[in-house]
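I have placed the structure first, in the form of structure tokens, so that the comments after it can refer back to it.
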2 protein chains.
Amino acid sequence: MTSSLEEQCIAKGVKMTGQRRVILRVLSESTDHPDADTVFRRAAKIDPKISIATVYRTVHKLEEVNILESHDFGGDRLRYEQRPEQHHDHLIDVRTGKVIEFTNPQIEELQQRIAQELGFRLVGHRLELYAMPLKEADKPKAAGHPVHARATRRKRAR
Amino acid sequence: MTSSLEEQCIAKGVKMTGQRRVILRVLSESTDHPDADTVFRRAAKIDPKISIATVYRTVHKLEEVNILESHDFGGDRLRYEQRPEQHHDHLIDVRTGKVIEFTNPQIEELQQRIAQELGFRLVGHRLELYAMPLKEADKPKAAGHPVHARATRRKRAR
DNA sequence: TTGCTCTTGCGAATCGTTCTCATTTGTCCC
DNA sequence: GGGACAAATGAGAACGATTCGCAAGAGCAA
């Protein structure tokens with residue numbers, strides 16, 4: 001069990017403030033992968049005077065110290081999750097946007113090998129599977145990366 | 001050898017205009033993965049009165065008819081490439097931003113299997129390897145997806 | 001407290017990308 | 001070849017997630 005986010009922050013020398021405590025609480029209570037605005041709305045329920053800018057600044061700081069991780073599934077806004085102790089990849093349910101985490105050592109290995117064969121040292125990767133729940137697999141989508149087809153506005157990061 | 005982009009367009013009923021011809025020419029002469037602004041600048045060299053809006057519109061249309069594909073390596077702007085006849089993934093040289101294409105049937109298979117085991121039907125995926133050229137692998141990067149750490153402004157799409 | 005640095009709020013600024021609308025162009029048809 | 005019409009274009013405004021600037025507040029060590 002990892003220590004509370006607040007403890008982790010203190011351990012990393014991140015100054016604790018009221019707003020940060022609220023945001024940390026929101027994050028630790030989130031089991032989904034919320035985007036900045038969602039974090040903001042949840043935080044605002046606890047402290048209505050918190051500012052969206054503070055949310056952005058805080059998640060950046062948390063990324064900096066490796067407490068949070070951001071992903072941009074689907075190319076609209078960035079979504080956040082606590083940095084997992086064990087690396088995992090994501091499967092995105094294209095019907096609902098829900099994210100399922102999984103790990104697969106074989107894939108990890110293959111990636112290393114491929115990079116090496118191309119003359120590189122792997123420093124990071126992104127693997128996302130976009131999928132439809134089995135059962136009634138309708139929706140005659142054209143083809144290609146379905147994600148890009150539905151994105152709207154994009155995001156930034158430091 | 002695939003027919004010229006212009007022929008492909010005609011075959012798909014895409015109305016040919018002077019601007020589109022210019023953009024198609026730029027795209028077919030590009031061996032890199034240019035972003036919209038790069039396409040615009042290259043096109044402007046041929047037809048200085050072309051508008052950036054036209055580039056965006058054209059590129060969207062081409063995606064619609066499956067002639068182009070977009071990717072958002074690194075989360076800044078979308079980058080384009082002709083839709084390959086054979087699917088491939090990308091390795092991004094984090095030092096230069098250059099993109100290397102590769103294919104690996106084993107990985108494709110694994111992905112299918114993983115989705116299936118989770119109760120889904122794979123409809124798309126994204127696999128990107130971020131890597132440093134071997135030789136002098138310095139740069140003490142913290143960890144995590146290095147991409148997100150360097151992105152700046154984000155993008156949109158339909 | 002005092003001092004000092006880091007943080008916060010608010011609103012303005014960014015900046016890829018998209019939209020609006022008046023105008024031009026491609027295409028089909030006679 | 002001339003019209004008719006839908007579709008495409010240019011220019012600039014609009015959008016929207018994210019970031020910045022700056023004045024006011026808050027941790028925290030001494």
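Model, not experiment: these values are computed from the prediction. Note that these values count all heavy atoms, side chains included, but never hydrogens, waters or copies made by symmetry.
The shortest side-chain heavy-atom distance between B:Thr17 and B:Thr58 does not fall under the 4.5 Å cut-off.
Taking 4.0 angstrom as the limit, A:His60 places none of its side-chain polar atoms (N or O) nearer than this to OP1 or OP2 of D:dT18. Proximity of A:Lys61 to the phosphate of C:dT7: a side-chain N or O atom is located under 4.0 Å from OP1 or OP2.
Summarising the geometry, the separation between CG on B:Leu62 and P on D:dA7 is reported as 17 Å, rounded to the nearest angstrom. Look at CZ on A:Arg20: it is 14 Å from C1' on C:dG9, rounded to the nearest Å. Counting to the nearest Å, the C1' atom of C:dT18 and the CZ atom of B:Arg77 are 16 Å from each other. If you measure from atom CZ of A:Phe40 to atom C1' of D:dT19, you get 15 Å, rounded to the nearest angstrom. Nucleotide C:dT17 holds its C1' atom 9 Å from the CD1 atom of B:Ile52, rounded to whole Å. The CD-P distance, from A:Glu64 to C:dC6, rounds to 13 Å in whole Å. Atom pair B:Glu6:CD and C:dG26:P shows a separation of 12 Å (rounding to whole Å applied). The interatomic distance linking B:Met16 (CE) with D:dT9 (C1') rounds to 14 Å, in whole Å.
In this structure, the nucleotide among D:dA8, C:dT7, C:dT8 sitting nearest to the side chain of A:Lys15 is C:dT7. For A:Thr54, the listed nucleotide lying nearest its side chain is C:dT8; candidates were D:dA8, C:dT8, D:dG10. Closest contact between the side chain of A:Ile50 and the listed nucleotides C:dG9, C:dT7, D:dA8 involves C:dG9. The side chain of B:Leu78 lies closest to C:dT17 when the candidates are C:dT17, D:dT18, D:dA11. In this structure, of C:dT8, D:dT19, D:dA8, it is D:dT19 that holds the atom nearest to the side chain of A:Tyr56. Looking at the side chain of B:Ala53, the nearest of the listed nucleotides C:dT17, D:dT18, D:dG12 is D:dG12. For B:Gln19, the listed nucleotide lying nearest its side chain is D:dG10; candidates were D:dG10, C:dT17, C:dG9.
Judged by distance alone, with hydrogens and angles left aside, the side-chain atoms of B:Arg20 form a donor-acceptor pair with the main-chain N or O of B:Lys15 at under 3.5 Å.
Electrostatic pairing of B:Arg25 and B:Asp47 does not count as a salt bridge here, judged by no charged N lying under 4.0 Å from a carboxylate O.
Taking for each of B:Val14 and B:Asp35 the nucleotide of DNA chain C with the nearest heavy atom, the 5'-most of the two is the partner of B:Asp35. Heavy-atom distances to DNA chain D give each of B:Thr17 and A:Ala36 a nearest nucleotide, and the one nearer the 5′ end belongs to B:Thr17.
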From CA spacing to verdict: side-chain contact (heavy atoms from CB on, under 4.5 Å), B:Ile107, A:Gln111: CA-CA 8 Å; B:Ile107 281 199; A:Gln111 291 176 162; 4.2 Å; yes
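Residue B:Arg57 is in base contact, counting any heavy-atom pair closer than 4.0 Å across all strands shown.
Sequence neighbours left out, the pairs with a member in residues 34-44 of chain B that pass side chain to side chain donor-acceptor pair (under 3.5 Å) are B:Ser30-B:Arg42, B:Asp32-B:Arg42, B:Asp35-B:Thr38, B:Asp35-B:Arg77, B:Asp37-B:Arg41, B:Thr38-B:Arg41.
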